[in-house]
Amino acid sequence: MILLNPHSPNRYYPDDRSRQIMLQTIDFFERKGKRSIKEDDRNRTWYGDFLEFQKQNRLFATLLTPAGYSFDADCRWDSWRNCEFNEILGFYGLAYWYTWQVSILGLGPIWMSQNEALKRRAADLLREGHVFAFGLSERAHGADIYATEMCLTPQPDGTFLANGEKYYIGNANLAPMVSTFGKIAGTGEYVFFSADYRRPNYHLLQNVTASQNYVAQYALRDYPVTEGDLLSRGGDAWDSALNTVNVGKFNLGWASIGICTHALYEAIRHAANRRLYNMYVTDFPHVRQMFTDAYARLTAMKLFTLRAADYQRSASPSDRRYLLYNPMVKMKVTTQGEEVINLLWDVIAAKGFEKDTYFEMAARDIRALPKLEGTVHVNIALIVKFMPNYFFNPAIYPPVPRRADPQDDIFLWNQGPARGLGQIRFNDFGTAFKGFDLPNVSLFKEQTSILQEFLATATPDEVQQKDVDFLLALGELFALVVYAQLILENTRIYQADVDDDLLEHIFDCLVRDFSKHALQLYSKPSSSKRQMELCLRMLYKPAFDAGRFGRVWEQVHALMNAYELT
Ligand SMILES: Cc1cc2nc3c(=O)[nH]c(=O)nc-3n(C[C@H](O)[C@H](O)[C@H](O)COP(=O)(O)OP(=O)(O)OC[C@H]3O[C@@H](n4cnc5c(N)ncnc54)[C@H](O)[C@@H]3O)c2cc1C
């Protein structure tokens, strides 16, 4: 099984310190225990204990300081281990994950900057245990960052005065370096600069949310900024905003995986021990179906995201495929997370509302992840740009292996201009399907071929290409193909953990999903007769095999006593 179980953590690490960090973190939360985690959640208690723990053990410092700015040999930005740290935090509570996540976002424009003094300062602050913040969003502008109003006005002495407000900014209540995005007055040139919440003209206005987190509204009113506070300007500032989000959105998938894994353990324990009508809840056929789907979907989420991390770590100026896979982690994995929780909640019903369950938090928090770092829509609108090259213009790349090596992922700070997405090419996705002689994998491949036929022979016309509603439906079908590709690639790597039965059930789900999205595309107001015919041809029923289903169900049922947070 590839799912995290904190009672038997088994992820491979090439070094002791990485493993120790994960074990220490698990130990912190296990000692804190469910009652305390839940009480803090209910009372919206600031997670000072967690921040003190990470400070004492220099966790963020070790994990988030690139080797070039390190204070000891264990520091590096290593996505392999950061992935599991993300997952562990999500497993125990999204609030703990959030303070880490926005620190990552805040550090993005810093590590991407040419300002060496600010980078050294960030490294020192990390070592002292501080957190960081990313001030991009503004109240009035949502996803439209072109409309940013935060403004730096040049002064006669060469300095600037900053004026403006930021909204929804995590950690902005206590981060000594709040990476703030704005424009230079007069020229409209983009700029990233570092603001310090302790300075006089920095006004912390409110916590926008009612949660354990501090998601700030802050204002800068004639806040003095010197050249030394500038992180980047012009195109570099714009690119570092987008390139930081490329890195940050990847973590959202891991938070979903952590949440769903914990919720699965709790749900199966409850259902498998609950007797109704003289039988166990897990004896109902529909309950078995829901659990088996949830387990398969969660395994698929993890297979995909692990593989996407390999591509992220192997990225270079000549291989930018991660720019498709990372938004997929964001939009696909997090929405699958919602689906997993929906399935589990249908089973455990009233239990999911109880104040003493982890599930109660999971059911609320899982909804956040599709909405952060750009909504699902924004990310689908982004990925459809890749579709022509993905399907019709493959390239040859050297194989990408599993990337568990202790590399410092410095490419993330040198991603280059955040444009040219339509030029990025991919390896032939059909290769991933070769060698899998399984009914549902084959059915899915057939559906994929019809989608290609749709694109080649019933290509969306000019009006449809501007119709975001139509493109979102098409994008869901495209996303499924990419999802399947990376799942298959990773099944080869994780073959000891994912047997043919489980893979078949994953594809059972994917065939159904493909049919569902094909029907949605069919129903769009502008779909043509030919497009509708092709959509109907994409409707497939998965191959059912009672023996296979039963064996996967047994894998889920075996988790009934696997883990409990006491
Ligand atoms: C708890 C929380 C914490 C956050 N933390 C931070 C933080 O630390 N730093 C930070 O900078 N921001 C932060 N954010 C802001 C977050 O990134 C934004 O909420 C997100 O980018 C979406 O913006 P919006 O919710 O204002 O939606 P809007 O941008 O107002 O979108 C409205 C609707 O239009 C759609 N839409 C918008 N643009 C497009 C497009 N191009 N294509 C298709 N559809 C589109 C959206 O999908 C949505 O349905 C946080 C938000 C929350 C809720």
Side-chain angles (χ1 to χ4, degrees), residues 41 44 47 90 93-110 131-150 164-175 177-182 190 192-193 195 197 204 206-218 220 231 237-238 240-252 255 327 330-331 334-335 361 364-385 418 421 465-476 479:
D41 177 65
R44 301 176 202 155
Y47 30 69
L94 195 69
Y96 306 103
W97 170 86
Y98 182 72
T99 189
W100 145 266
Q101 162 72 353
V102 289
S103 291
I104 288 180
L105 290 169
L107 286 163
I110 298 173
V131 294
F132 293 77
F134 183 61
L136 181 65
S137 298
E138 294 186 1
R139 186 175 201 168
H141 304 304
D144 179 11
I145 55 174
Y146 296 99
T148 296
E149 288 183 78
M150 174 65 73
E165 286 191 15
K166 292 284 171 182
Y167 202 75
Y168 295 131
I169 312 303
N171 286 351
N173 56 325
L174 81 167
M177 292 178 83
V178 181
S179 299
T180 302
F181 186 69
Y190 293 114
F192 246 118
F193 61 97
Y197 81 104
L204 186 63
Q206 63 160 329
N207 184 355
V208 177
T209 63
S211 71
Q212 269 186 274
N213 300 309
Y214 201 106
V215 184
Q217 177 182 11
Y218 68 89
L220 302 182
L231 289 161
W238 178 260
S240 63
L242 298 193
N243 288 338
T244 294
V245 174
N246 287 339
V247 179
K249 67 174 61 162
F250 182 77
N251 298 332
L252 300 160
K330 150 75 211 190
M331 55 76 47
T334 63
T335 47
M361 297 195 302
R364 178 196 62 208
D365 291 340
I366 201 72
R367 306 277 171 236
L369 298 158
K371 294 168 188 66
L372 302 177
E373 321 283 314
T375 58
V376 169
H377 310 149
V378 170
N379 281 280
I380 301 187
L382 176 73
I383 67 168
V384 291
K385 295 185 181 147
L421 302 188
Q465 287 183 31
K466 291 195 180 113
D467 175 357
V468 180
D469 186 47
F470 184 87
L471 285 184
L472 291 182
L474 186 60
E476 289 281 5

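We count ligands from 1, going down the list as the structure has it; atoms in each ligand are counted the same way.
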**Request:** Return the protein residues near ligand 1 (heavy atom under 4.0 Å from any of its atoms), ordered by chain and residue number.
**Result:** Y98, V102, F134, L136, S137, G142, A143, Y168, I169, G170, V215, K371, L372, E373, G374, T375, H377, V378
**Prompt:** Would T148 and K166 satisfy side-chain contact (heavy atoms from CB on, under 4.5 Å), going step by step from the backbone distance to the final call?
**Reply:** CA-CA 9 Å; T148 296; K166 292 284 171 182; 3.8 Å; yes
**Request:** Show your working on side chain to side chain donor-acceptor pair (under 3.5 Å) between Y218 and T180 and close with a plain yes or no.
**Result:** CA-CA 11 Å; Y218 68 89; T180 302; 2.9 Å; yes
**Point-to-point distance, once rounded to the nearest 0.5 Å, from CD1 of I169 to CG of N207** = 12.0 Å
**Asked** Does atom CZ of R44 have more than 12 heavy-atom neighbours, drawn from other residues, nucleotides or ligands, at distances under 6.0 Å?
**Response** no
**Prompt:** Just checking, is any N or O donor in the side chain of Y47 or N213 under 3.5 Å from an acceptor N or O on the other one?
**Reply:** yes
**Message:** Let's go through L382 and L421 carefully: what are the C-alpha distance in whole Å and the side-chain angles of both, what is the deciding distance for side-chain contact (heavy atoms from CB on, under 4.5 Å) to 0.1 Å, and is it a yes or a no?
**Reply:** CA-CA 9 Å; L382 176 73; L421 302 188; 3.3 Å; yes
